[in-house]
Amino acid sequence: MARVRLASARYPESVARSFYRDLRSFDRMPEGGHFAVAEVPQAIATRMRDFARGLGLLSA
């Protein structure tokens, strides 16, 4: 049996943008998989803060 990491699945950004019409962010993380929030919580927290700042929801 082969093990395949979900993080290695590379869906094209164009597919995501056609499905999610108001997609604001599309990033590929170098680590973490399907459960990235549990695997790399600090990286997810940083990305969420940056996203919120970009929307003007947090001060710089």
Side-chain angles (χ1 to χ4, degrees):
M1 176 185 341
R3 296 182 89 189
V4 177
R5 288 184 48 120
L6 289 176
S8 66
R10 298 294 181 186
Y11 298 102
E13 184 174 347
S14 61
V15 171
R17 291 204 178 274
S18 69
F19 187 75
Y20 298 104
R21 302 283 182 197
D22 192 24
L23 185 64
R24 304 287 177 102
S25 177
F26 186 92
D27 285 335
R28 296 197 188 276
M29 295 181 57
E31 57 184 337
H34 184 74
F35 300 104
V37 73
E39 297 168 8
V40 286
Q42 189 59 45
I44 296 295
T46 299
R47 286 169 187 259
M48 293 298 291
R49 277 190 225 97
D50 292 344
F51 180 77
R53 280 190 194 102
L55 293 176
L57 300 174
L58 291 176
S59 59

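For clarity, every value in this text was computed on a predicted model and none was experimentally measured. FYI, the numbering just counts along the sequence from 1.
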**Message:** Minimum heavy-atom separation for Ala38 and Pro41, please, with both atom names.
**Reply:** O-CD, 3.8 Å
**Item:** Where Ser25 and Asp27 come nearest, the two heavy atoms and their spacing
**Value:** OG-OD2, 3.8 Å
**Request:** Working to the nearest 0.5 Å, report the span between CG of Leu23 and CZ of Arg17.
**Result:** 4.5 Å
**Prompt:** What is the minimum heavy-atom distance between Phe26 and Tyr11, and which atoms define it?
**Reply:** CZ-O, 3.9 Å
**Asked** Looking only at atom types and distance, does a side-chain atom of Glu39 sit under 3.5 Å from a main-chain N or O of Gly33, one as donor and one as acceptor?
**Response** yes
**Asked** Quick one: do Arg47 and Asp50 make a salt bridge, cutoff under 4.0 Å?
**Response** no
**Message:** Could you see if Phe51 belongs to whatever hydrophobic cluster contains Leu57? Use Ile, Leu, Val, Met, Phe, Trp, Tyr and a side-chain cutoff under 4.5 Å.
**Reply:** yes
